[in-house]
Amino acid sequence: MVLDNYDPKTREPEIESYWEKEHIYAFDQKSDKPIYSIDTPPPTVSGKMHVGHSFSYAQQDFVIRYKRMKGHNVFYPFGTDDNGLATERLIEKTKKVRARDMPRDEFVSLCLTTLEHELRPQYLADFRRLGLSCDFSIHYTTIDSHSQKISQREFINLYEMGRAYRKDAPAMWCPECNTGISQVECVDQEFKSSFNDIIFFSGQEKLVIATTRPELLPACVAVFFHPTDKRYSHLRGKTAKVPLFNHEVPILEDTRADPEKGTGLVMCCTFGDQVDMEWQKAYNLPIMQAFSGNGKMTAIAQKYEGQNIREARKAMIDDMKAQELLIRSSPITHTVNVHERCGTEVEFIKSKQWFIKYLDMKDHMLEWGRKLHWYPDHMRNRYENWVGGLQWDWLISRQRYSGVPFPIWYCTKCENPVLAKKEDLPVDPLKHKPPIEKCPSCGSTTFEPEKDVLDTWVTSSLTPRLAIELMPEKLWPKLYPMSLRPQAHDIITFWLFNTTFRSNIHYGKNPWHDCLISGWALDPHGKKMSKSKGNIIEPQVIIDKYSADSLRYWASLSKPGDDANTQDKDFVTGQKLVNKLWNASKFTVSHLADYDGKEEKLETMDAWLLIKLNKAIAEATDAFDVYAYNQARASIDIFFWQHLCDNYLEIVKDRLYNPEQRGTRERHSGQVALYHALLSVLKIYAPIIPHITEAIYLDYYAEKEKKKSIHISAWPTVNDKWNNPEAEKAGDLAITVLADVRKQKSERKISLKTEIPTLTITCTKEEEKLLSLVLADLKAATQAKEIAFIRGENITVTF
RNA sequence: GGGCUCAUGGUCUAGUGGCUAUGACAACUCCCUUACACGGAGUAGGUCGCCGGUUCGAGUCCGGCUGGGCCCACCA
């Protein structure tokens, strides 16, 4: 019962162990309380928890802890994403190997064992140390067989619905990673390049064409100009000779050629960019492939064959210069699409890839997005904007090593795909045999496994299923749709969007009711953190230096969806709060040792405190109900610091210490107010700073309330019998007087303890009446021996 | 180029049409008062980015502008 001192460094981990041992956050499969289920974001196992994680996971934990205290049976699983390219790169780095230099089997098993024994446990420990109230026993990883089974099952379902198709198509391709990629994995990056004016011949006429991609010349299949461009209208129907390669290509008109750009003439190469692809389709032009998937020039590049893109570009520019085919080369900076994981320029390559058909669903997608409750609401715009801009079906093949395999084999003779049977899942076609002996269409008996793996988002767009299917099937309808998807705003376009799509396609409903979108943690100056800038702030260091509670407190300062600057001073603020809570509690609890829990008529100041408390409870509750944890926190901050600590405790002290002079009933009344005020303060703070509030609760209140943890105790409610407008007015007046006395003492540079022989208050008759209700407390707080009243309009104080 | 978002004392920030615009940090002045000096009481510091409009009333709503951020498009 003695609150000694509080060292978060040792106490926080102890408290976390206690939660674990007592299963405080365990989901109760048998309970009939309303369920609140969360589609927890599975973070990509990347070594260490990032400060951005601590920011957004803390924010989701605030509202989830609130829901738990409000009486929900909380289903809060924890998954990790350790599937796909990001994981491969991490393993390559930590184990100093290269996937392409070793057998696939060996690499995959290295990934799995390293994850299981080294990376994941360390990583999970970081999230635990943040004080998240997850039920960590409900755990999946996006690469485990449970997830593979579900992912493959739903892929087969898509295939059966006719939504998964395999097509020879220009696919976005990363020549460095040697894999197809999707629209969402691309980012813009500025590059220095050169704009080259090169000469095509149309008969004897010299045509100047500007290009940044001369290495695509061997794949040039046409030249275009705008139909209204008079400079070139005489070229209609003619052909042009491609420099260096000398093949003739048609000269065509199309409105997509911009007369303002370059010379107004543009070459079309399959495939330089998206317009090239549109032209190829529209004019049925041949498909030429200048380089292959690994970024090396192909045979059509003739003497440049085997060179990589950059080498070929330079060599061709040099050769054209030598042959006087290059008029001018001006350096430019332009933005190009690069693969976000490696920064390589994205190319288009023709290959056989699996796609999920969804462009036909745009209207439905918008409707689904509108049915979700977004917090904050404007985040919906990002979803709608994304849907509006979709132009590709979802490319889901990845030419990687570690990932969920496609459950498919192909007939070696007719390429007919053979899908695994659902009861055999999960399968790895590289290891397992197809479920049939003979190809149903051609009768061949030899099959070839699909070597590609599924895009990691194919699996992670099923996280609500991965989570609930860990539970017995009879609970699924109660858990799904889930209550909440918390996540950061940067992945609305893929994770949130894809999950919404999958859920509606497979189950005919949205995957959740609410989405809580968090912002980003930026550096102290509002800049994005990055290794290259050297401005990374590590949450582990903050927890060590301050505490997990102060890290969480910082996360509660900004409103949902807002980015926050990561500043030391905010951690200091949290640390001060922890300290203040501890000391205020120490004081309070020491005066509650003999408190009997009986309630009787309250002293006016005590009633005043409980009115303020009622208001704080109402505000915090309303705020938490709409996920406005920052407003809830602000309300309780004001109550705790101003009303309780700065004013009330100073006022009630004298009654608590001196019951002989002030009366035992008066002391007891103070105890009543203190008991409820502190308890509610702790409870309202509990979702934000769960460690310190638990420490205090366990020391004093746990026994009284017969609960093992504050986090499963009942959320405070407004108590109507405390409402007392007269007491509130009287208390507010007393605070005005007290503040004025303090101000004058401060101006006279005398201690607040200095006695005042007679305090004269000028006020109205009604004010005097109200103040007389709290006269004894006011005397004690101001150190006034006597208080005299003079009639007057504006309340003033002299001594 | 389009969409969204943000702009409030030196710094960061609250603010949901309505008295004198919130709080924190920093600064300054004081106070070692038996919960806390990791504390307390005060003081100073703001034409709420700019221009216009709606309104009895605008930091708040509307339009335009300027400047940041994010997403998308463009990329010959």
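Lettering of chains follows the sequences in order, A, B, ..., and the numbering in each one begins at 1. Side chains included, hydrogens not; waters and symmetry mates left out as well; all remaining heavy atoms used. Computed from a predicted model, the values in this text were never measured in an experiment.
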ask   = With both distances kept under 3.5 Å, what pairs with A7(B), Watson-Crick or G-U wobble?
value = U66(B)
message = I'd like the C1' distance from C31(B) over to C36(B), given in whole Å.
response = 15 Å
request  = For Q575(A), report the nucleic acid contact type (base, sugar-phosphate, nothing); a contact means any heavy atom under 4.0 Å.
outcome  = nothing
query = Do N381(A) side-chain and C4(B) base share a donor-acceptor contact under 3.5 Å?
reply = no
message = Between P on G42(B) and NZ on K749(A), what's the gap in Å once rounded to a whole number?
response = 16 Å
message = Within the 4.0 Å heavy-atom criterion, would you say E650(A) contacts the bases, only the backbone, or no part of the nucleic acid?
response = base
query = How about Y700(A) and Y595(A): are their ring centroids closer than 6.0 Å?
reply = no
inquiry  = Mind checking if W520(A) touches a base, just sugar-phosphate, or nothing, with heavy atoms under 4.0 Å?
reply    = nothing
key: Y648(A) and D606(A): side chain donor to acceptor below 3.5 Å   = yes
Spacing between D562(A) atom CG and U5(B) atom P, to the nearest angstrom = 12 Å
task = Please report, rounded to the nearest Å, how far the P atom of U13(B) is from the CD atom of Q567(A).
result = 7 Å
query = How close or far is atom P of U13(B) from atom CG of L557(A), stated in whole angstroms?
reply = 11 Å
ask   = Crowded around R328(A) CZ? As in, over 12 foreign heavy atoms under 6.0 Å?
value = no
ask   = Do the side chain of K576(A) and the base of C38(B) come within less than 3.5 angstrom through a donor-acceptor pair of N or O atoms?
value = no
message = Classify K261(A) by what it touches in the nucleic acid, base, sugar-phosphate, or nothing, heavy-atom distance under 4.0 Å.
response = base
message = Tell me the interatomic distance from Q744(A), atom CD, to C30(B), atom P, rounded to whole angstroms.
response = 19 Å
message = Students often get this wrong, so: under 4.0 angstrom with heavy atoms, is K653(A) touching a base, only sugar-phosphate, or nothing?
response = base
inquiry  = Output the rounded distance in Å from CG (D523(A)) to P (G69(B)).
reply    = 13 Å
task = Please work out if V572(A) contacts a base, only the sugar-phosphate, or nothing of the nucleic acid, heavy-atom cut-off 4.0 Å.
result = nothing
L522(A) CG to U13(B) P, straight-line distance once rounded to whole Å = 10 Å
